[in-house]
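Have a look at the structure below before the remarks.
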Number of protein chains: 2
Amino acid sequence: MALRHAVLAALLDGEYSGYQLAKAFDVGVANFWHALPQQLYAELTKLEREGLVTGRQVVQETRPNKRLFRTTDAGLAELERFAAAASKPSFIRDDLLVKVQAADRTGTGPVIEQLEERAAAADAKIRLFGEILRRMRGDADEEEFLRHGERIGPYLTCLRGLDFEQGNRDWCLRTAAVLRERQTAGTGVRDDASVRPATR
Amino acid sequence: MALRHAVLAALLDGEYSGYQLAKAFDVGVANFWHALPQQLYAELTKLEREGLVTGRQVVQETRPNKRLFRTTDAGLAELERFAAAASKPSFIRDDLLVKVQAADRTGTGPVIEQLEERAAAADAKIRLFGEILRRMRGDADEEEFLRHGERIGPYLTCLRGLDFEQGNRDWCLRTAAVLRERQTAGTGVRDDASVRPATR
DNA sequence: CATACCTACTCAAGAATCTGAGTAGTCCTC
DNA sequence: GAGGACTACTCAGATTCTTGAGTAGGTATG
């Protein structure tokens, strides 16, 4: 049930439309949760019905109208309840890890490619997060901002996102390098399956 | 559809029962995927029906009988197909991040506690992973093992798990420290909600 | 001036995951 | 010798997440 709380937390920072939220929860950012547009629209509807957020219609000339939402006091109270309850442990769940786990049996070619793509994607996120952090802290340096800044929650989660992506990138590059070296070196343990005709 | 492939990958390393797999996918390890026992039993049944794993009954005197599974050639072929297909991006999805995102509005008391618990849990995992890595590489040092070891897939995924947990621990401790300092310092931005009577 | 993408949503259906309860014998502790 | 934990599973039901399709006007691209 954390999606609803993620939405409530996101709407603490101001008014957003479902569409804007969808962008934040989908594409690049998603420091602290991830969800698709359909889920977000559904959740906003439920939250409004329960009085945890309020929406107001904004009529636009040149584009479709939109509804902007913000968290209500009841919503904040719900967040407080949530914060006090026990957290579920978090787990890694990643296709690419599964592929690496099996890579020395399935052939490394395609996996190496994907590792390098993933590293590039992580790198893009790293730059984005760096930019976001810089914007949030303004002139202050990090220590200063964390001590006296007004709204540090998003900053702290973004720091975690940054570190996660750095770990991701470094691991992908290292893993790709290891697999590539074994591929060319020929360990003698097993022929590289990526050279064989595909079993299928 | 990655759970099935995670199971296939896990069963590359030898024969396991559903129960053993459940332990590995649940509690401590789960380097590369996470799942509950019920899911695993169900998945094993499906995989056996499709011929991607085979099970054999092992009769035990003193305990309930069990079924040991291993991946078949068809299962390996399926893994190869999977390895060649595009991976879904992976996202962080963590209750605790949501709580931190909102922490400067909900009160920091309970969140700090949870951050410290999480840091301790991460630390336990770090020690466990370190142990597992040591066991896998045996006498060789890491570079050596990665160059010439037989089965490096699990080693590489465990390295990612280790780094993830280290990032986790460090971030939890830092975040807890930051929130704690603001709590005692009194930033003037807002009274600490953890001192107010609970809204509820 | 046709195609494609952007804003801003909605609906339906399916797959994956989680919650909770239950069976049944064995081993260990107090 | 009673209560609890461990092995080894199964079943049902709910919730969450993903996939795919569709509406509809406006703006940018070539």
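All chains are named by letter (A, B, ...) in the order of the sequence lines, taking the proteins before the strands, and each is independently numbered beginning at 1. The analysis underlying the following values was restricted to heavy atoms, covering all of them including side chains, and did not include hydrogens, waters or symmetry mates.
Taking atom CG of A/Leu3 as the reference point, atom P of C/dC18 lies 15 Å away to the nearest angstrom. Taking atom CG of residue B/Leu36 and atom P of nucleotide C/dC18, one finds them 5 Å apart after rounding to whole Å. Atom CZ in A/Arg93 sits about 14 Å away from atom C1' in D/dT18, given to the nearest Å. Atom NE2 of A/His34 is separated from atom C1' of D/dT16 by 12 Å (rounded to the nearest Å). Here C/dC18 presents its C1' atom at 8 Å from CD of B/Gln39, a figure rounded to the nearest Å. We find that CD of A/Glu61 is positioned 19 Å from P of C/dT7, with the value rounded to whole Å.
The side chain to side chain donor-acceptor pair (under 3.5 Å) test with B/Arg118 is passed by exactly one of B/Asp123, B/Thr175, B/Asp94, B/Asp95: B/Asp94.
At a threshold of 4.5 Å between non-hydrogen side-chain atoms, the residues A/Leu8 and A/Glu78 count as touching. The side-chain heavy atoms of B/Arg160 and A/Asn168, taken from C-beta on, include a pair separated by under 4.5 Å.
Heavy atoms of A/Gln38 sit under 4.0 angstrom from at least one base atom.
Comparing B/Arg63 and B/Ala2, the nucleotide of DNA chain C nearest to each residue sits closer to the 5' end for B/Ala2. Where A/Pro64 and A/Thr45 each meet DNA chain C at their nearest nucleotide, the meeting point lying more 5' is that of A/Pro64. In terms of position along DNA chain D, the nucleotide closest to B/Pro37 lies nearer the 5' end than the nucleotide closest to the other residue of the pair B/Pro37 and A/Glu43.
Contact between the side-chain N/O atoms of A/Arg4 and the OP1/OP2 oxygens of D/dC17 is not found at any separation under 4.0 Å. Proximity of B/Lys66 to the phosphate of D/dC6: no side-chain N or O atom is located under 4.0 Å from OP1 or OP2. In terms of phosphate contacts, B/Thr62 brings no side-chain nitrogen or oxygen within less than 4.0 Å of OP1 or OP2 of C/dG25. Under 4.0 angstrom from either OP1 or OP2 of D/dC6 there lies no side-chain N or O belonging to B/Lys23. Taking 4.0 angstrom as the limit, A/Tyr41 places a side-chain polar atom (N or O) nearer than this to OP1 or OP2 of C/dC9. Applying the 4.0 Å criterion to OP1 and OP2 of D/dT7, one finds that B/Tyr19 has a side-chain N or O inside that range.
Shortest non-hydrogen contact noted between A/Ser87 and B/Lys99 is OG-NZ, 2.8 Å.
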